[in-house]
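Let me begin by presenting the structure, written as C-alpha cells, before commenting on it.
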Amino acid sequence: MHPLIIGPLVTAGLSSILALVISVTDKIVNDYGEVSVDINGGKKKLAVRGGSHLLGTLATENIFVASACGGRGTCGACKVKVLSDVGPHLPTELPYMNAEEVEANTRLACQVKLKKDIAIEIPESLFNIRKFRTRIESIKDLTYDIKELYLALSDADVAAGGIAFECGQYAQLVAPPYDGIKESTQRAYSMSSSPLDKAHIELLVRLVPGGIVTTWVHTQLKVGDEVEVIGPFGEFGVKDTDALMVCVAGGSGMAPFKSMLNHILETNAYPGKEIWYFFGARSKRDMFYLQQMAELEGKIDRFHFVPALSEPNPEDAWNGPTGLITDVLDTYIKDKMPKGRPMEGYLCGSPGMIDACIKVMSKNGMTQDKIYFDKF
Amino acid sequence: MKMQRDEKAAAERMKPGVITSGGFLGTEARALSDIIEADEERFRALGIDFGSAADELERLKAEGAKGLGEQMTVGGRLLVKSDEARGSLPCPYDDGFFHKNSVTLELIATGERLAYSDLSIHLLREHHFCQGEGGAFRLAPDALKRLLLL
C-alpha cells in the first residue's frame, strides 16, 4: 500500500482507539450512579441518573423550569435555590446573580451538574407546567413581521384536560433543529388565546433578525406541522381590584392583552374595572387587530382602545393619535381619563418601552408597586 | 495565517451551538485570523476605522431605542429598530458579557439592511471581527461605509 494512504489510515486508527479509551474512561470515572433530587422539602423526590445538568434532568421528569436559551447558560432564567452543597458558583452563573442570590445559593439549573444527592427549592407552580404536543392549525400574517400561530393540542392532551392558564402567562415554543441549527431551541411567547379555549394555544411571533425560533416560525413553519409547547409560565396577570386598568403595548406585546380582553368579554370578569389600552406602532403597516379591538370596544362598555402611530405615512390617512405611545399615554392620563380613581399599569414590550412607560406612569401619580409588566 | 492559541479557543466558541445557536462564522470556510485580516485590509482600503464604525453603531442604537420597539427614521435616510431579548452573551474571546439585543438598520433608499448587537459592536471595536460572511450579524466593511456614511 502506498505510504500516502498508510499514514492517514494509521492516524485515523489511532484516533479511533484513543476516542474509545476516552469514552470508556469517561463512563467509568464520571459514572455518578443514581442521584436523589429532593424538591421543596420532600414534596417531590426524584431518583435520577447522575451526570447530567439539573435543568435537563428535571425536564425529563416533567418538571419544566423556565429557560429562554434552552440550557446554554445565556439567559439566566432557570434560577433555582439549591439547599445542599453543589460547589461554588461557576463563572458562567455569576453574571446573572445579585449578591442576595449568591448568598442564598441560587443557581442556574442549566449549569448545575448532578454528581450527588441534591435538595432544591422551586415555585410550586412549576409542578403544573406540562409539555404539549400540538399541530399548527393556522398561521396568519398580522403585519410584515408578526405572525399569529393557532395551535391545536393533541387529542391526548385535550383528553387530559388541555392547557390551564391565566391570562398574561406565556409558553415556550420548541423549534426543532433546522438548516445549520443542530439543537432544538426554545423561546417564550405570551399566549394570546383565551383560557377558556383549553384545546388551543395562540401565539404572536415577531421576526427578530438572526433569531433562531422567530426565523423558523417565519420561514419554515407551515399549517399541519407538529410542534411542542411547554407551559404555562409567568406571573403577569390582571389584579382583581376596581382600579383603573391602564395597559400599554407595542408589536407582539399585544398578545397578553388580547387574551385578557377576550376573557373579560366571555366571563365579565373584573366587573369594576375600567380598561384603557394604549397600543403603539410606527405606521399603519405595523398596526394590527384594529377591527378586533373596535369590536371589543363595542361589546365591553368599560373598555377604551387607543391605537397611536409614531411616524404615520401620508398614505395611512391616519386620524388617530400620533407620537410615541408614552407621549400619547401622558396626554390621555392628564386630559382624557377619569380623575381621582386608583390606577394600575399593565405593560408588555421591550425593556426600553417598559422603562419609558413606568416613568410616565410614575410622573402621573402611579406607584411602582401598582405597575405590572412582562418584559421581553 | 497561523492562529494564536486564544484565537483558536475563540474560533471554537464561535461555532454554532456554543454561545449562540447560529454561531458567529456564517458560512465561512476561512480561518478566523484570515477573516479578520481580510476585513482589516478592506477597512484600510475604504479609509475607515473600527472605532469610528463602532461609535456610529452605538449612536444609531441609542436613536433606535427611542422608538420603544418600533422603527425610527434617523437622519431621513435610515430606519433603525432596537430589539431586546432576555439574558446576556459572553464574548467568544472571553473578555466580557453583553446584553442580548439586536439593532436593525435599513437604508430607506435601497432597502439594504444590517443587523448587529452589543456583542457585535464589541467584536468590531476590540477584536476587529466583523463576523463571517453569510451570518445574520455580519458587518461587512463596504456595507458599513454605505449605511453609516463613514
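Residue numbering restarts at 1 for every chain, and letters A, B, ... go by the order of the sequence lines.
- B:A115 touches chain A through its side chain: at least one heavy atom from C-beta onward sits under 4.5 Å away, while N, CA, C and O do not.
- Note: A:L94 CG to B:F97 CZ = 9.0 Å, rounded to the nearest 0.5 Å.
- Of the listed residues (A:G211, A:A281, A:S283), the greatest number of heavy-atom pairs within a distance under 4.5 Å of chain B belongs to A:A281.
- Atom CD of A:E235 is surrounded by 12 or fewer heavy atoms from other residues, nucleotides or ligands within 6.0 Å.
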Intermediate values then yes/no, side-chain contact (heavy atoms from CB on, under 4.5 Å), B:D83 and A:S350: CA-CA 7 Å; B:D83 283 309; A:S350 66; over 6 Å; no
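- Across every non-hydrogen atom of A:A356 and B:L68, the tightest pair is CB-CD2, 3.8 Å.
- For B:L114, no part lies under 4.5 angstrom from a heavy atom of chain A.
- Side chains of A:E311 and B:T73: a donor-acceptor N/O pair is present below 3.5 angstrom, by distance only.
- When side chains are defined from C-beta on, B:L79 counts as touching A:R282, because their heavy atoms get closer than 4.5 Å.
- Atom CG in A:D145 sits 5.5 Å away from atom NZ in B:K81 (nearest 0.5 Å).
- Shown here for B:Q71 and A:R285, the closest heavy-atom pair between the two residues is OE1-NH2, 3.5 Å.
- Heavy-atom pairs under 4.5 Å with chain B were tallied for A:T215, A:I325, A:I212; the largest tally goes to A:I212.
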